[in-house]
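Here is the structure we will look at.
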There are 2 protein chains.
Amino acid sequence: MEKGRLLYEGKAKQLFATEDENILFVSYKDSATAFNGEKKEEIVGKGNLNNKITTILFNQLKKHGIDSHFIEQISENEQLVRKVEIIPLEVVVRNVAAGSLAKRLGFAEGTTLSHPIVELYYKDDALGDPLLTDAHLALLELATPEEIETIQTKALEINQVLQPIFKEIGVTLIDMKLEFGKTTSGDILLADEISPDTCRLWDDETNNKLDKDVFRRNLGSLTDVYEIILSRLGGLFK
Amino acid sequence: MEKGRLLYEGKAKQLFATEDENILFVSYKDSATAFNGEKKEEIVGKGNLNNKITTILFNQLKKHGIDSHFIEQISENEQLVRKVEIIPLEVVVRNVAAGSLAKRLGFAEGTTLSHPIVELYYKDDALGDPLLTDAHLALLELATPEEIETIQTKALEINQVLQPIFKEIGVTLIDMKLEFGKTTSGDILLADEISPDTCRLWDDETNNKLDKDVFRRNLGSLTDVYEIILSRLGGLFK
Ligand SMILES: Nc1ncnc2c1ncn2[C@@H]1O[C@H](COP(=O)(O)OP(=O)(O)O)[C@@H](O)[C@H]1O
Ligand SMILES: Nc1ncnc2c1ncn2[C@@H]1O[C@H](COP(=O)(O)OP(=O)(O)O)[C@@H](O)[C@H]1O
Ligand SMILES: [Mg+2]
Ligand SMILES: [Mg+2]
């Protein structure tokens, strides 16, 4: 599969065309951003780590019967994925209160929720990725009510698979952000990435944050903690 | 009915006990506040205006078969209401995009929505009255899912009654904030007030704002525009 022209560059990845119009070449970048792009840094090795972690997690989901856009890892920082039409929603699954949920509801950070929840945010940098209710979704028509329902169900299923995997490597999956897309045949497919950039992962022994909050809150070396996640996952699935 | 001890003082009203434990004495204050209490001013006459406008609107709702806590107007700035246990939700009905909805969804102010919507905000000054989704409501358990459903249905019914009334006095009901409470028998009842403090009302001819935005955005005399609403309503229902 050959890397064609650059189709799109986001904050964390570049998407390239291939000779197959249904397949994209994804290159994971070494840049870290937070607060809607306000904080930004180049961090050598980050792209490789997220590429490898995402590869492991999408492979595990596949084994548990959950499809994604992932096709195969191609190099240290590259993978092939199925092209989809991304639905502009940040689909957040939460098991434990942290970040904006803790602030919104006045819950202490670390409070385990009575059940996992899904929140939908409008993926729109200019609007600051606002939270959406069902009423807003009906106005925006970003997806049909059935598609929204499917997305929420799939998000909870993905959480059910990943929670115990992280538990086995001594980590609690606090929350994660997923993205879904539509295939040409109209199916809803998990896309984008699942990595410490897009999850909150807390070490069960030390309670240390092993995710992008290390970067957001200047808590230490991002690659050191992403390396911990990769090596523990690698140890589990070798 | 005698005015007993002060039970509670809010930003716009005082609640007093009466000799009947199921009935409260409400006194409308002359203070105007905005931005969660950051902007504050005494405006002589405001309490009288809101008391009278709320009285007319609750009476009209009653005529259209919609009950509320309202019992009767007692004086220029006082009314008797049925005591309820307020459900801490700000129930916002919107017909036209304005304020936070326009910002959230990137809609131009003044865009008529394809259909009226209801938004629920957590009535909690310390948290800044955050927007809630169904998932948040399930975590907070402020009301049962059936009660939430009832509240949303009633809010839309109230909107269906008030929209044409305002249309007849040459005003568009852009949006409004309602509060509901629970009676001792567990029924959901419309409570609080419906006034230019809690509605956005735009004049159909001049497009002028005839509501609290005049105070929020320093657009002129608050009592002048509340007076317009009262006198037009008074003219309609004399
Ligand atoms: N399978 C896919 N097909 C098409 N676009 C995708 C796919 N997977 C992810 N994307 C999109 O790739 C873009 C680049 O990713 P990223 O750098 O993370 O962007 P962002 O700055 O929006 O977070 C994003 O817009 C993402 O939604
Ligand atoms: N029928 C009622 N029974 C009990 N409380 C009520 C009733 N109607 C309104 N309230 C409450 O009265 C309080 C005072 O009103 P207000 O001054 O508008 O308060 P706020 O500062 O919260 O807006 C509010 O907490 C409101 O929810
Ligand atoms: Mg991204
Ligand atoms: Mg009030």
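In what follows, chains are A, B, ... by sequence order, proteins preceding strands, each numbered from 1. Given the structure is predicted, the values throughout are model-derived calculations rather than measurements.
Within 6.0 Å of the NZ atom in B/Lys167, the count of heavy atoms belonging to other residues, nucleotides or ligands exceeds 12. Other residues, nucleotides and ligands contribute at most 12 non-hydrogen atoms within 6.0 Å of the CD atom of A/Glu85. Annotation: B/Arg216, atom CZ; neighbour count of heavy atoms from other residues, nucleotides and ligands within 6.0 Å is above 12.
Under the side chain to side chain donor-acceptor pair (under 3.5 Å) criterion, B/Asn218 pairs with B/Lys39, not counting sequence neighbours.
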Donor-acceptor list for residues 108-115 of chain B side chains, cut-off 3.5 Å, not counting sequence neighbours:
residue  : atom : partner  : partner atom : Å
B/Glu109 : OE2  : B/Gly99  : N            : 2.7
B/Glu109 : OE2  : B/Arg217 : NH2          : 3.4
B/Thr111 : OG1  : B/Ala108 : O            : 2.6

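Annotation: residues 170-190 of chain B contacts chain A through no residue [non-hydrogen atoms, separation under 4.5 Å]. Of residues 123-147 of chain A, those residues with a non-hydrogen atom less than 4.5 Å from any non-hydrogen atom of chain B are, in numerical order, A/Leu127, A/Pro130, A/Leu131, A/Leu132, A/Thr133, A/Asp134, A/Ala135, A/His136, A/Ala138, A/Leu139, A/Leu140.
Interface remark: A/Gln152 contributes no atoms to any contact with chain B (heavy atom separation under 4.5 Å).
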